[in-house]
Protein chains: 4
Amino acid sequence: MGAVKGVKAKRMPRAVREQQMMDAAVHIFGRRGYRAASMDEIAELAGVSKPLVYLYLNSKEELFTACIRREAARLTEAVKAAIEPGLAADRQLWAGLEAFFRHTAENPDAWSVLHRQARTHGEPFAAEVTAMREELTAFVTFLIGAAAREGTPPAPGTAGAGRSGELADRDIEGLAQALVGAAESLAGWANESDKLAAKDAAATLMNFAWTGLGGLMRGERWSPR
Amino acid sequence: MGAVKGVKAKRMPRAVREQQMMDAAVHIFGRRGYRAASMDEIAELAGVSKPLVYLYLNSKEELFTACIRREAARLTEAVKAAIEPGLAADRQLWAGLEAFFRHTAENPDAWSVLHRQARTHGEPFAAEVTAMREELTAFVTFLIGAAAREGTPPAPGTAGAGRSGELADRDIEGLAQALVGAAESLAGWANESDKLAAKDAAATLMNFAWTGLGGLMRGERWSPR
Amino acid sequence: MGAVKGVKAKRMPRAVREQQMMDAAVHIFGRRGYRAASMDEIAELAGVSKPLVYLYLNSKEELFTACIRREAARLTEAVKAAIEPGLAADRQLWAGLEAFFRHTAENPDAWSVLHRQARTHGEPFAAEVTAMREELTAFVTFLIGAAAREGTPPAPGTAGAGRSGELADRDIEGLAQALVGAAESLAGWANESDKLAAKDAAATLMNFAWTGLGGLMRGERWSPR
Amino acid sequence: MGAVKGVKAKRMPRAVREQQMMDAAVHIFGRRGYRAASMDEIAELAGVSKPLVYLYLNSKEELFTACIRREAARLTEAVKAAIEPGLAADRQLWAGLEAFFRHTAENPDAWSVLHRQARTHGEPFAAEVTAMREELTAFVTFLIGAAAREGTPPAPGTAGAGRSGELADRDIEGLAQALVGAAESLAGWANESDKLAAKDAAATLMNFAWTGLGGLMRGERWSPR
DNA sequence: AATGAATGAGATTTCATTCAT
DNA sequence: AATGAATGAAATCTCATTCAT
């Protein structure tokens, strides 16, 4: 990939070239960071001249934004596609988590762009990621709520299955926030030099979350003193 | 801070000046990122001329490294200082977590440097953070191990108390990652329009973590099908 | 004017298309200046693609030259057309001036190209304007000469009517320059917050010019001491 | 002037260097125009590196503005310095005109910047020149008014000296506008290849203006038909 | 007759870094 | 201990111009 410098690029329809450019851009942005990435390098990797990148994507800022948007859409799509509506809430959550970790593991540069680079730099970019995060969080909130209503979380032989009343809506939303954050953080860590396969990451988090959730719903609480 | 331009800085011992420079640098690096931060801005905020920064800290790279090292040391110090040796493992863990979250909340720029900026850029820097992470992880591993031996985690009467062997070091490190991510996410969410007091967020997280951890250590597992 | 982008332009005979392009070019050159004008903008305003502009007009330089030539021709044409040969010299002169000012006022972009932009840039262009200027100057010289011979200028009963020899060609050209400058300045001033109707401005200038000219031709001179 | 490339410039105090830079900038801007002038060329002519120009003058735009301001101030200063308050209005006007033409002839690049380049490009710049022009115009307005009151303009043997009542304030201001415009235009023309010495230009204009003014004040009017 | 795709060359601007005092 | 003066190198972005259809 990335044609030799000085060789004229073969003619291609604009839509295709734009995707190639964004592929290259995601790769470079993901590894170098927004500032350290150079348009020269991106153009070269895309196999075209710099002016063409500007002609199609206008500026470094817009290019970065376009990358964020595309990768955010791809990620949420991957998660949504993995879920089969009929299943129980825990199975849906598991499927979603697994898809999330698989997708981020398979597209580490894209994930770096979304999770690290976009957040590191100011306001045009952070908002894009916030939108994606909100979509995911809303989804998880829904699932946790459903799980609570179904009484699914493991009540190992013990009493009050389904005492979901103790989990207020605010708590549920908070848990969803925490879960999404945990997943994001784990994904980044897992990608660093293959410390954890996607499935293992999903399992660890699911175990952690599900047993924890179960405990909470049974009324278990930890407090200092 | 940040002396008026053109006014000659008062003579100060080198050690003090270096700290001022690093204060400024952490502030700027934390907000702008490594690449976007400019030595000009740092020098101005420190209230000295640029050549003095170079005289004392040699280069941007070394300055950044020095910042990372100092802030990593401060963070681990804060965590260690919070722990009273005599206490039960769960209390120690709680105290450590609280100190960690307090310190990072009170020093957001430092935390940004450690957590975001240092990882975003290549190899001279990442290693510094890895060192800190290893120190903290070892500490947590020790505490969890101790807790497991003590049988502290909740619902102790139940099943296999003390089957701590099932939590490999790798899992512990992963959980730490997840916790940090969850905490950050919660913090961001809580700050946004006062949805949750910071204290409540910490409590929710600890409950979540502790019951989850307890469940895991009792051998509870979630698995598909 | 300026077709919507992406819509294929209707086929038109070359001559028409060239005029459209030059219309657009004069507009853009007149407002932006030669260097700041971009071929992109010109092509878009003309409603055609850039390669077509190059096909017909070869280069930016040639396009600019073509604009200068066309507008110079239009201006001299307008002046000549206004004059009815039978009239007295002063009436002819008045008619010419009026036509000149009317045309330039009605075609400000064209006038900007001729008066400002063409002179600002090097040698291919200045020569074009010089040619026009010489044509106009020759014309005015002739009329003033005629007026002098006719003894038209005011207060004819007085002193040395017809001492036109004292006005060298160089003086006439200088006066033309001064008149143009005065007219432009007056025009700008009159337009600004309606301080003076355009007509009044022209009358004031003509009075000023004509009486001054008359005085000069009668041999009146102002000199220090 | 304009040190050889690659040779390090000798150290100089900032104020001096700034003037050298502006000298070079006026030269280049005046000949090439704002857009065609390159910061590279300006820096080289000034004998310094480009970054130093930016360090001191911030941007091309600010550099251009600084040039305009400096040259406008110099020109108005030159005109004002030439006038001796005690003299009659016509002598003052003459002295001012002569100084104006001399200064513009001696500083053709500066005059090009003020008269041609600054007006050719948009709004940050035009305003600067407008201020200068207004100062000069106000001055001339005052002198013409004074002349009218003194009844100075040549009343060659004829009747109504001092019929200044016929020149309303608005007319006087209009004449001043025209005079300043004429002078500006003449100055540009005279500079082009030495067609007219400064003194001759002043004389021509003074004759033109003074006799014309006299005629107007005697009630002479030209009107079509 | 007309255009979508593509680029070489050069513009302004920024930044880490050094020198001389 | 401290700084004003200065720069090499590289970044983003623009533009006139051509090629293939």
Side-chain angles (χ1 to χ4, degrees), chain A residues 5-14 16-17 35-43 47-56 58-61 63, chain B residues 5-14 17 35-43 48-56 58-61 63, chain C residues 5-14 17 35-43 47-56 58-61 63, chain D residues 6-14 16-17 35-43 47-56 58-61 63:
Chain A
K5 188 77 172 282
V7 173
K8 229 172 222 169
K10 222 181 56 181
R11 293 190 152 219
M12 302 195 100
R14 172 169 181 155
V16 176
R17 267 282 133 82
R35 286 296 295 246
S38 98
M39 295 298 271
D40 266 296
E41 205 181 358
I42 291 172
V48 297
S49 67
K50 234 187 322 174
L52 200 59
V53 180
Y54 278 91
L55 186 60
Y56 286 172
N58 304 320
S59 72
K60 195 182 188 182
E61 192 171 315
L63 172 56
Chain B
K5 191 72 174 283
V7 173
K8 223 171 211 168
K10 229 183 35 185
R11 289 190 164 222
M12 300 194 101
R14 170 162 181 158
R17 268 281 133 84
R35 287 294 296 244
S38 95
M39 295 298 271
D40 267 292
E41 206 180 357
I42 291 171
V48 298
S49 68
K50 244 186 315 175
L52 199 59
V53 179
Y54 278 88
L55 186 61
Y56 286 174
N58 304 317
S59 73
K60 194 183 189 185
E61 196 172 309
L63 171 56
Chain C
K5 190 74 173 281
V7 172
K8 223 171 212 167
K10 228 184 35 186
R11 289 189 164 222
M12 299 193 101
R14 171 161 183 160
R17 267 281 134 83
R35 287 295 294 244
S38 95
M39 295 297 271
D40 266 294
E41 207 180 356
I42 291 171
V48 297
S49 67
K50 243 187 314 176
L52 198 60
V53 179
Y54 278 89
L55 186 62
Y56 286 175
N58 304 317
S59 73
K60 195 184 189 185
E61 196 172 309
L63 171 57
Chain D
V7 173
K8 229 172 221 168
K10 223 181 53 181
R11 291 190 153 221
M12 302 195 102
R14 172 168 180 155
V16 176
R17 267 282 132 84
R35 287 295 295 247
S38 98
M39 296 297 271
D40 266 295
E41 206 180 359
I42 290 171
V48 297
S49 67
K50 237 187 319 174
L52 200 59
V53 180
Y54 278 90
L55 186 61
Y56 286 173
N58 304 318
S59 71
K60 194 183 189 183
E61 192 170 315
L63 171 56

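Proteins get letters first, then strands, A, B, ... in listed order; numbering begins at 1 in each.
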### Query
In chain order, what residues pass the side chain to side chain donor-acceptor pair (under 3.5 Å) check against R17(A), with sequence neighbours excluded?
Q20(A)

### Query
Sequence neighbours excluded, which residues qualify as side chain to side chain donor-acceptor pair (under 3.5 Å) partners of E61(B)?
none

### Message
Please enumerate all residues that pass side chain to side chain contact (heavy atoms under 4.5 Å, CB included) together with K50(A), with sequence neighbours excluded.
### Response
M39(A), D40(A), A43(A), Y54(A)

Nearest-Å distance, [atom1] ([X]) to [atom2] ([N])?
{"X": "L52(A)", "N": "dT12(F)", "atom1": "CG", "atom2": "C1'", "result": "16 Å"}
{"X": "L55(C)", "N": "dA1(E)", "atom1": "CG", "atom2": "P", "result": "8 Å"}
{"X": "M12(A)", "N": "dA5(E)", "atom1": "CE", "atom2": "C1'", "result": "12 Å"}
{"X": "R14(A)", "N": "dA6(E)", "atom1": "CZ", "atom2": "P", "result": "11 Å"}

### Query
At their closest point, which heavy atom of K60(D) faces which heavy atom of A37(D), and how far apart are they?
NZ-O, 2.8 Å

### Query
Can you give one letter per nucleotide of nucleotides 14-21 of chain F, 5' to 3': B if a protein heavy atom sits under 4.0 Å from the base, S if only from the sugar-phosphate, - if neither?
BBSBBBS-

### Summary
Considering only heavy side-chain atoms of Y56(D), the closest of dA6(E), dT7(E), dA5(F) is dA5(F)

### Query
Under 4.0 angstrom, heavy atoms only, what part of the nucleic acid is P13(A) near: base, sugar-phosphate, or nothing?
sugar-phosphate

#### Entry: Secondary structure of DNA chain F in dot-bracket form (Watson-Crick or G-U wobble, distances below 3.5 Å, | marking inter-strand pairs)
.||||||||||||||||||||

